[in-house]
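Below is one structure, written out as structure tokens, with a few remarks after it.
Just the heavy atoms: all of them, side chains too, but no hydrogens, waters or symmetry mates, feed the values below.
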Amino acid sequence: MKNLFDVTNRVMVITGATGILGRTMVRHFAEQGASVVILGRNTAIGNQLAEDVKENGGEAIFYPTDVLKKNLLEDNYQQIMARYGRIDVLINGAGGNQAGATIPPDKTLFDLDLNAMRQVVDLNLFGTILPTMIFGRAMAERKQGSIINIASEAALRPLTRVAGYGAAKAAVVNFTQYLCGEMATKFGAKIRVNAIAPGFFLTEQNRTLLTNPDGSLTPRSEAILSHTPFGRFGEPEELLGTLQWLASDASRFVSGTLTVIDGGFNAFSI
């Protein structure tokens, strides 16, 4: 019987691949037999990650990029197509936040740094749109492929503090739903666009917000966990099953969806 979840030999492009969650995705899909293109800004981590994959019998290559620079993405596209000739899956994993786009307890809306807000929206929203415009061409030409956007719990609920990040990720969800119809009606029903919404995972970007210097939890972490039925943060590996499903033929009639991976946070009331 055919394994519907098989991704062997699929060419997968992952942006933001040098972060904690991205590295986990790269290693997993390489182990599953995919050819993984690692895109990110950290050259040292990217090259080492590609080497690690190859040492373990997988196929991966790193190309430095910036998801907000179209010329770099075009260069990446040409390199990928010259090497593999196609792109089967795109995971838009690049994103992030910065302090100026947040509103801490001792500040108000009127203290918001609009430049920081724009930068956060640019990174998360246009850092999804631009790679899709560039790498999605390969899917449009072949009339098949899977695009997976990384949204956030903040896209579903207006969480305190993260004003810019939440607004940007909410826009990513809307763009995902829009793109579902756009790609399928104009380039064929074998092109799918979906998103996942991770809950709370400890990464380098949020570590100082969620943990103290001694490793103990901040009051914000305590509040998050008290509202999470599972009572803990997620592990990066817990995103992989959903990503595998969306990248494979197991989800061939699934498009325009948002899958929440949050230990029950979004569903929990009191």
Side-chain angles (χ1 to χ4, degrees), residues 5-96 123-124 126-150 179 183 190-196 236 239-240 242-249 251:
F5 295 88
D6 186 23
V7 294
T8 304
N9 296 324
R10 296 200 176 181
V11 178
M12 303 187 63
V13 176
I14 304 177
T15 70
T18 55
I20 289 177
L21 300 183
R23 296 197 299 267
T24 302
M25 296 175 198
V26 168
R27 293 189 179 100
H28 168 75
F29 283 112
E31 289 172 357
Q32 295 295 310
S35 298
V36 185
V37 178
I38 304 164
L39 297 182
R41 292 186 296 181
N42 193 315
T43 301
I45 290 178
N47 284 324
Q48 185 60 57
L49 182 58
E51 287 302 313
D52 291 345
V53 166
K54 292 173 184 176
E55 288 175 6
N56 285 283
E59 167 63 21
I61 190 165
F62 169 70
Y63 297 125
T65 200
D66 184 324
V67 293
L68 294 178
K69 294 184 178 179
K70 189 175 181 181
N71 61 320
L72 290 181
L73 292 170
E74 289 282 8
D75 289 344
N76 298 147
Y77 178 79
Q78 296 301 326
Q79 292 167 316
I80 294 165
M81 296 303 287
R83 184 179 179 92
Y84 296 112
R86 69 182 197 279
I87 297 171
D88 299 305
V89 180
L90 168 64
I91 299 179
N92 282 309
L123 175 58
N124 292 280
F126 289 96
T128 295
I129 293 173
L130 267 174
T132 301
M133 290 176 65
I134 303 302
F135 304 124
R137 293 203 307 258
M139 298 181 188
E141 290 171 3
R142 297 181 66 236
K143 299 186 182 303
Q144 66 182 55
S146 177
I147 298 169
I148 307 170
N149 296 327
I150 309 300
L179 200 61
M183 297 299 281
K190 290 186 178 181
I191 299 181
R192 299 176 292 107
V193 188
N194 295 283
I196 68 170
L239 300 175
L240 299 176
T242 301
L243 290 171
Q244 181 96 16
W245 170 59
L246 292 173
S248 71
D249 290 343
S251 59

Check: Asn124 side chain, Gly96 main-chain N or O, donor-acceptor pair, under 3.5 Å: yes

Short side-chain donor-acceptor distance under 3.5 Å, Asn47 and Glu51: no

Gln244 versus Phe29, closest heavy-atom pair with distance: OE1-CE2, 3.7 Å

Derivation of the side chain to side chain contact (heavy atoms under 4.5 Å, CB included) call for Ile61 and Tyr84: CA-CA 11 Å; Ile61 190 165; Tyr84 296 112; 4.0 Å; yes

Val53 vs Val36, side chain to side chain contact (heavy atoms under 4.5 Å, CB included): CA-CA, chis, key distance, verdict: CA-CA 9 Å; Val53 166; Val36 185; over 6 Å; no

Check: Thr24 side chain, Ile20 main-chain N or O, donor-acceptor pair, under 3.5 Å: yes

Atom CZ of Arg41 with >12 non-hydrogen neighbours under 6.0 angstrom: no

Heavy-atom neighbours of Lys54 NZ exceed 12 at 6.0 Å: yes

Residue that, paired with Phe135, satisfies side-chain contact (heavy atoms from CB on, under 4.5 Å) out of Ile147, Leu73, Val89: Leu73

Minimum-distance pair of heavy atoms, taken over all atoms of Leu90 and Pro131: CD2-O, 3.9 Å

For the student: nearest non-hydrogen atoms of Thr18 and Phe62, plus distance: CG2-CE1, 4.2 Å

Nearest-0.5 Å distance that lies between atom CG in Asn56 and atom CZ in Arg27: 9.0 Å

Backbone of Leu39 reached by a side-chain donor or acceptor of Thr15 within 3.5 Å: no

Verdict with supporting geometry, Asp75 and Gln79, side-chain hydrogen bond (donor to acceptor under 3.5 Å, both in side chains): CA-CA 6 Å; Asp75 289 344; Gln79 292 167 316; over 6 Å; no

Step-by-step side chain to side chain contact (heavy atoms under 4.5 Å, CB included) determination, Ile150 to Met25: CA-CA 12 Å; Ile150 309 300; Met25 296 175 198; 4.3 Å; yes

Expected output: side-chain Asn194 to main-chain Ile148 donor-acceptor under 3.5 Å: no

Any donor-acceptor N/O pair, Asp6 side chain to Thr8 backbone, under 3.5 Å: yes

Distance in Å, Ser146 OG paired with Leu243 CG, rounded so as to fall on 0.5 Å steps: 9.5 Å

Arg83: partners by side chain to side chain donor-acceptor pair (under 3.5 Å), with sequence neighbours left out: Glu59

Side chain to side chain contact (heavy atoms under 4.5 Å, CB included) between Met12 and Ile91, worked out: CA-CA 8 Å; Met12 303 187 63; Ile91 299 179; 4.0 Å; yes

Distance, nearest 0.5 Å, that separates NZ of Lys69 from CG of Leu130: 12.5 Å

Asn76 side, atom CG; Thr65 side, atom OG1 - distance, nearest 0.5 Å: 3.5 Å

Least distance between heavy atoms, Leu21 atom then Pro236 atom: CD2-CB, 3.8 Å

Heavy-atom closest pair, residues Lys190 and Lys143: CB-O, 3.2 Å

The single option from Asn149, Leu179, Val67 passing side-chain contact (heavy atoms from CB on, under 4.5 Å) against Thr128: Asn149

Contacts of Asp249 that satisfy side chain to side chain donor-acceptor pair (under 3.5 Å) - sequence neighbours left out: Lys2, Arg10

For Ser248, all residues meeting side chain to side chain donor-acceptor pair (under 3.5 Å), sequence neighbours excluded: none

Nearest-0.5 Å distance, CZ of residue Phe126 to CE of residue Met133: 10.0 Å

Rounded distance [0.5 Å steps], CZ in Arg137 versus CD in Glu74: 4.5 Å

Closest non-hydrogen atom pair between Ala17 and Ile14, with its separation: CB-O, 3.3 Å

Side chain Arg142, main chain Asp88, donor-acceptor under 3.5 Å: no

